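These numbers were taken from a predicted model, which means no experiment stands behind them.
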Amino acid sequence: MAIGLVGKVDFTVRHLSSSTTTFPSTFTAYSRNQPCIGSASHQCSAYSASTASEKTWTMHATFPEYVVALATIVGSVLFSIFGGVGIACLPLGLIFSFIRRPKAVITRSQYIKEATELGKKAKELREAADALHQEERSGSKGRKWRKNVKAVEKELLLLEDDVKALEEVYPQGEKAETSWALTVIGYLAKLVLGVLGLIVSVAWVTHIVIYLLIDPPLSAFLNEVFIKLDNLWGLLGTAAFAFFCFYLLVATIAGAMMLGLRLVFITIHPMKWGATLMNSFLFNVGLILLCSISVIQFCATAFGYYAQATAAQEIFGHTLQSLRGIKYLYKYNVFQIAFVAFAGLTFVYYIAFGWRRRKPSGRFQLSS
């Protein structure tokens with residue numbers, strides 16, 4: 001029953017009719033003020049037709065289109081959350097990382113003090129992990145056990161970040177000066193990339209508001225930019241279009257990782273060079289694949305003027321948005337509004353708290 005409901009596509013058409021006249025010998029009777037047949041007609045049938053002329057043309061969607069529609073709905077929910085958070089946290093995270101950067105190297109005594117505190121924290125986490133292993137062997141793997149496991153994983157990630165930060169402010173070895181110079185250059189690169197990313201993010205949000213959320217659109221904005229770039233060089237507009245789509249996907253991944261580190265009930269391990277577990281790779285790949293369909297649909301809608309008459313526009317811009325049962329989610333821009341809302345909340349969060357350094361969490365204890 002559900003398949004029959006959602007698998008049908010409803011298109012709204014108009015049943016039009018008009019009077020006829022003999023073929024004129026000259027066309028002087030027609031002008032801008034008199035474009036249609038009839039002495040009193042100043043508008044053609046498509047404009048003057050009543051609402052009663054609207055008809056619904058129903059057809060069955062193909063099975064691949066139906067599967068893509070279901071995957072897009074699930075992916076769009078995740079994309080609205082992760083993409084909205086990521087479009088703001090990706091550039092702002094880089095900028096505030098530069099603001100919170102270490103200004104100078106620390107002394108050896110400070111390093112020993114900090115390293116001792118991290119060693120105590122590591123010992124506490126090891127004791128907590130051993131206690132959880134004992135509970136696992138005894139078979140008491142309840143809700144409290146899973147909560148404690150996720151809490152230990154989160155604390156372990158934060159401990160790894162603290163160790164990396166300590167190594168940055170106290171480089172060791174024969175190339176200590178070179179390491180510090182590379183650290184400074186790395187933070188400068190983050191600032192440059194963050195500023196460029198912020199420009200792209202603002203352009204994305206502005207385009208969504210003025211082209212998708214306002215009816216009629218105030219401007220085609222990025223669509224016109226791509227067309228003008230195509231006029232300069234054939235592939236320049238296509239390259240810019242691909243860049244904005246790729247940036248949106250990267251922002252979605254950044255949002256997923258950001259929320260995974262902030263929320264205990266979501267376990268998402270960030271991709272780290274040489275330190276990512278296989279299950280984390282599989283989870284992130286699945287997340288990317290699920291959200292990529294929604295990114296394609298979102299871009300096909302946002303750049304509908306530029307991507308008109310393409311296969312993506314036909315599937316995601318016409319058929320998907322006319323499927324019975326789910327078309328109202330796209331008709332009322334539910335996902336676009338959620339995307340902008342999460343982006344705004346994340347922006348406010350970073351402005352209020354993003355510049356602060358993370359305080360030590362203190363002694364870690366398992367919940368009883």
Using 0.5 Å steps for rounding, measure from the [atom1] atom of [X] to the [atom2] atom of [Y].
X      : Y      : atom1 : atom2 : result
Leu166 : Gln110 : CG    : CD    : 10.5 Å
Leu218 : Asp215 : CG    : CG    : 10.0 Å
Tyr350 : Leu92  : OH    : CG    : 7.0 Å
Ile288 : Ile253 : CD1   : CD1   : 3.5 Å
Ile87  : Phe82  : CD1   : CZ    : 15.0 Å
Ile73  : Leu78  : CD1   : CG    : 12.0 Å

Which heavy atom in [X] sits nearest to a heavy atom in [Y], and how many Å separate them?
X      : Y      : result
Tyr187 : Glu168 : OH-OE1, 2.8 Å
Ala88  : Phe347 : CB-N, 4.1 Å
Ser80  : Phe342 : O-CD1, 3.6 Å
Gly75  : Cys291 : O-SG, 4.5 Å
Ser76  : Ser294 : N-OG, 2.8 Å
Thr238 : Asp230 : N-OD1, 3.5 Å

State, with a plain yes or no, whether a side-chain heavy atom of [X] is found less than 4.5 Å away from one of [Y].
X      : Y      : answer
Tyr305 : Ile227 : yes
Phe244 : Phe226 : yes
Leu90  : Tyr247 : yes
Gln297 : Ile293 : no
Phe79  : Val74  : no
Leu229 : Trp233 : no
Leu132 : Val152 : yes
Pro217 : Ile210 : no

task: Decide, yes or no, whether a salt bridge links Lys121 with Glu155 under the criterion of side-chain N to carboxylate O below 4.0 Å.
output: yes

Same cluster or not: [X] versus [Y], using hydrophobic residues (I, L, V, M, F, W, Y) connected whenever any side-chain heavy atoms lie under 4.5 Å apart?
X      : Y      : value
Leu182 : Val105 : no
Val192 : Ile99  : no
Leu94  : Phe246 : no
Ile185 : Trp180 : no
Leu345 : Ile81  : no

field: Audit row: Phe243, Val200, side chain to side chain contact (heavy atoms under 4.5 Å, CB included) steps and yes/no
entry: CA-CA 10 Å; Phe243 169 76; Val200 177; 3.8 Å; yes

query: Would Phe339 and Phe298 count as a close aromatic pair, with their ring centres under 6.0 Å?
result: yes

- request: For this output row, return yes or no: ring centroids of Phe241 and Phe303 closer than 6.0 angstrom.
  value: yes

message: Going by the rule side chain to side chain donor-acceptor pair (under 3.5 Å), which residues pair with Glu224 if we only count those two or more places apart in sequence or in a different chain?
response: none

Residues Gln134 and Ser138: side-chain donor-acceptor under 3.5 angstrom: no

- prompt: Is the closest side-chain donor-acceptor distance between Gln336 and Tyr211 under 3.5 Å?
  reply: no

Got a donor-acceptor contact below 3.5 angstrom from the [X] side chain to the [Y] backbone?
X      : Y      : result
His207 : Ala302 : yes
Thr206 : Ala203 : no
Asn148 : Trp145 : no
Glu167 : Lys164 : no
Asp162 : Leu118 : no

message: Determine whether Leu222 and Tyr306 satisfy the following criterion, side chain to side chain contact (heavy atoms under 4.5 Å, CB included), listing intermediate values before the conclusion.
response: CA-CA 9 Å; Leu222 291 178; Tyr306 179 75; over 6 Å; no

- request: Check whether more than 12 heavy atoms from other residues, nucleotides or ligands sit under 6.0 Å from atom CD of Gln172, and answer yes or no.
  value: yes

query: Is the NZ or CZ atom of Arg101 both under 6.0 Å from the centre of the six-membered ring of Phe98 and within 45° of that ring's axis?
result: yes

